[in-house]
Chemist: 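Handing you this structure, nothing more for now.
We're numbering straight along the sequence, starting at 1.
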Amino acid sequence: MKVLHERVAGIDVHKDMVKVAIRSPGDKPWTRKTEILEFRTFYGVLRHMAAGLRRRGVSHVVMEASGACTEPVYYALAEEDFEEIAVINPAHARALKGHKTDAKDCARLAELFECGLLRGSYIPAPELKEVRDLTRYRMKTVQARTSEIQRLAKALESAGIKLGSVASDITGKSATAMIEALIDGERRGQVLADLAIGRMRTAGKLADLSQALAGRFTGHHALLCRLHLDRIAGFGTAVDDPGQRIAGKAGRWQREADLLKTIPGFGDVVAWAWLGEIGPAPHRYFPGHEKLASWVTLCPGNNISARKRKHGRTGDAGTYIKPMLVQAAWAAIRVRGRLQARYSRLVRRFGGDKNPGAKKKAITAIAHTLLKIAYQVLQAGTPYQEPGADFRTRRESPQHRQAFLERQLQKLHPGCTITITISPPQAALPAGA
């Protein structure tokens with residue numbers, strides 16, 4: 001908890017204006033006074049603001065996270081030797097309805113922070129921030145490419161071309177060659193089907209392709225498909241270039257990336273996203289994997305009232321790392337082992353294979369498990385060891401439970417000698433014993 005004699009500054013950040021409230025000791029004992037200042041958001045002005053706050057004796061600064069507008073203010077403050085610069089979740093300091101002004105917002109931030117009621121969020125180092133920006137840009141580019149592929153599929157469906165019903169990927173080599181031939185003016189289904197290569201040349205596939213490629217493909221559809229294919233090719237190049245740059249910047253954390261890639265479902269892309277979003281040493285910022293899971297919002301929220309537990313949804317945070325962990329979870333359950341067995345058990349518990357909601361809940365639980373594994377792997381600095389599909393059965397065996405209880409006794413009484421004597425129950429003793 002902050003002591004009251006410290007000078008604390010609360011900052012309310014906007015695009016073109018910054019409000020600053022400085023809380024300092026008042027004229028009378030055990031009183032506080034508040035001074036409100038206003039600055040523009042040019043970086044030179046922000047540096048002057050940071051130096052001015054330090055000259056006034058401010059030691060702690062707190063502000064709400066407000067997207068990209070927060071970054072220049074934070075880095076301008078970081079150039080001075082403040083004891084702490086905290087960026088907090090805006091939901092933790094929400095104003096009362098009808099009492100919200102910029103001056104009251106920054107004053108409330110300073111007042112809550114000096115009483116120890118606010119805690120700063122994790123802010124990555126500048127080198128990790130560069131990796132984070134590149135991984136986020138790559139993810140957005142992949143999403144844009146996926147959207148363009150969906151538009152291409154829509155244009156083909158509009159023309160009566162059912163290529164997506166036969167080919168699993170309409171941007172593969174065979175499908176792309178067929179679309180290019182359609183654009184060039186070829187309309188005969190059999191000729192288009194002959195462009196298939198590999199496994200698409202089976203008898204059943206060729207017959208279906210010849211029917212799927214017969215439709216009402218006009219010049220307008222050719223124009224749309226040409227535009228979509230060019231955009232998809234451009235996005236493909238835009239995805240590859242950030243990947244190479246990320247690999248170069250993440251090279252200094254190659255040891256941590258290699259540790260992460262020993263976990264099922266974790267590849268280069270997921271490991272880069274983890275390093276950019278959470279960092280190579282999460283145990284330094286989060287005291288346990290439970291806190292990390294809450295920060296990523298991969299755990300259910302609490303919604304209990306009058307002793308009734310209502311549905312607690314996961315939050316909306318973790319916009320970039322949570323989809324990556326879910327993607328890794330889908331890959332992990334394809335590998336025979338502990339995670340696959342846990343997924344199957346959870347699906348049965350939540351409603352069975354025919355229930356889509358059960359699969360979504362189970363895959364979210366697997367993503368949570370992957371987060372816990374990654375946290376512990378980085379904390380211990382040792383590769384992940386697969387415990388096997390029978391891990392749960394072995395953990396609940398009597399021998400395993402006895403060994404666990406012995407370890408707990410050793411922790412309570414270090415150096416003690418534990419002797420276990422098992423006496424038969426009274427019913428098993430002979431008569432007269």
Side-chain angles (χ1 to χ4, degrees), residues 121-143 239-240 242-299 314 317-343 362-389 391:
S121 298
Y122 164 65
I123 304 295
E127 300 82 6
L128 286 171
K129 181 66 169 59
E130 295 176 2
V131 177
R132 173 185 284 188
D133 290 341
L134 288 173
T135 54
R136 289 184 175 186
Y137 174 77
R138 185 186 181 280
M139 179 184 290
K140 288 293 186 182
T141 307
V142 171
Q143 292 172 352
V239 168
D240 295 337
Q244 297 172 3
R245 295 179 184 273
I246 294 169
K249 289 184 177 294
R252 59 186 302 179
W253 300 286
Q254 190 60 45
R255 173 180 169 274
E256 288 80 4
D258 291 339
L259 287 173
L260 288 172
K261 286 190 285 187
T262 62
I263 304 171
F266 273 66
D268 286 330
V269 175
V270 180
W272 293 340
W274 179 283
L275 292 174
E277 298 295 330
I278 300 176
H283 49 280
R284 295 182 183 176
Y285 306 100
F286 302 94
H289 58 76
E290 299 89 356
K291 293 290 185 181
L292 178 58
S294 176
W295 184 73
V296 179
T297 64
L298 260 179
C299 57
T314 57
T319 309
Y320 293 92
I321 187 59
K322 187 157 58 173
M324 282 294 180
L325 290 172
V326 172
Q327 175 182 324
W330 283 115
I333 63 172
R334 298 170 65 91
V335 181
R336 184 176 178 80
R338 168 199 175 188
L339 295 173
Q340 186 186 71
R342 174 171 166 77
Y343 173 77
I363 206 65
T364 303
I366 298 300
H368 186 187
T369 303
L370 286 176
L371 180 139
K372 293 193 294 185
I373 293 172
Y375 180 94
Q376 292 164 353
V377 162
L378 292 175
Q379 184 180 31
T382 56
Y384 172 70
Q385 301 293 331
E386 174 58 50
F391 169 72

Chemist: Within this structure, what is the CG-NE2 distance for the pair L292 and H368, rounded to the nearest 0.5 Å?
Modeler: 8.5 Å
Chemist: If you take all heavy atoms of G279 and Y122, which pair is closest and at what distance?
Modeler: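 Looks like CA-OH, 3.7 Å.
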Chemist: As an exercise, state the distance from CG of L325 to CD1 of I363, rounded to the nearest 0.5 Å.
Modeler: 11.0 Å
Chemist: Work out which heavy atom in A329 is nearest to a heavy atom in A367; give both atom names and the distance.
Modeler: CB-N, 3.8 Å
Chemist: Any idea which heavy atoms bring K322 and V296 closest together, and the distance?
Modeler: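 The answer is CD-O, 3.9 Å.
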Chemist: Report yes or no: do Q244 and D240 form a side-chain donor-acceptor pair below 3.5 Å?
Modeler: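 No, D240 and Q244 have no side-chain donor paired with an acceptor closer than 3.5 Å.
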Chemist: Please name the pair of heavy atoms, one in P323 and one in G318, separated by the smallest distance, quoted to 0.1 Å.
Modeler: CD-O, 3.6 Å
Chemist: Working to the nearest 0.5 Å, report the span between NZ of K372 and CD of E290.
Modeler: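 Here the rounded value is 8.0 Å.
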Chemist: Are the side chain of E386 and the backbone of R338 linked by a donor-acceptor contact shorter than 3.5 Å?
Modeler: yes
Chemist: Going from CD1 on I123 to OH on Y285, what distance comes out if it is rounded to the nearest 0.5 angstrom?
Modeler: 10.5 Å
Chemist: Report yes if the side chains of I278 and Y375 come closer than 4.5 Å at any heavy-atom pair, otherwise no.
Modeler: no
Chemist: A side-chain contact here means heavy atoms from C-beta on lying under 4.5 Å apart; do E277 and R132 qualify?
Modeler: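 In short, these two side chains touch, coming nearer than 4.5 Å.
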Chemist: Any chance you could measure L378, atom CG, to Q376, atom CD, to the nearest 0.5 Å?
Modeler: 10.5 Å
Chemist: When the ring planes of W295 and F286 are compared, do they come out parallel, tilted or perpendicular, using 30° and 60° as the limits?
Modeler: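 Plane angle between 30° and 60°, so tilted.
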Chemist: What closest approach, in Å, do P264 and A332 show between heavy atoms, and which atom pair accounts for it?
Modeler: O-CB, 3.5 Å
Chemist: Flag the pair I366 / W330 as yes when at least one side-chain heavy-atom distance between them is below 4.5 Å, and no otherwise.
Modeler: no
Chemist: Any idea which heavy atoms bring M139 and Y320 closest together, and the distance?
Modeler: CE-O, 3.2 Å
Chemist: How many angstroms lie between atom CD1 of I333 and atom OG1 of T369, to the nearest 0.5 angstrom?
Modeler: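 Reported value, rounded in 0.5 Å steps: 12.0 Å.
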Chemist: Is the backbone N or O of A317 less than 3.5 Å from a side-chain atom of T297, with the two atoms forming a donor-acceptor pair by type?
Modeler: yes
Chemist: Is the count of non-hydrogen atoms from other residues, nucleotides or ligands lying under 6.0 Å from K261 atom NZ greater than 12?
Modeler: yes
Chemist: Tell me if the NZ atom of K129 is crowded by more than 12 foreign heavy atoms within 6.0 Å.
Modeler: yes
Chemist: Of L370, L260, I373, L259, which meets side chain to side chain contact (heavy atoms under 4.5 Å, CB included) against Y384?
Modeler: I373
Chemist: Are side-chain heavy atoms of R138 and V269 found at a separation under 4.5 Å?
Modeler: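 Contact flag for R138/V269 side chains = yes.
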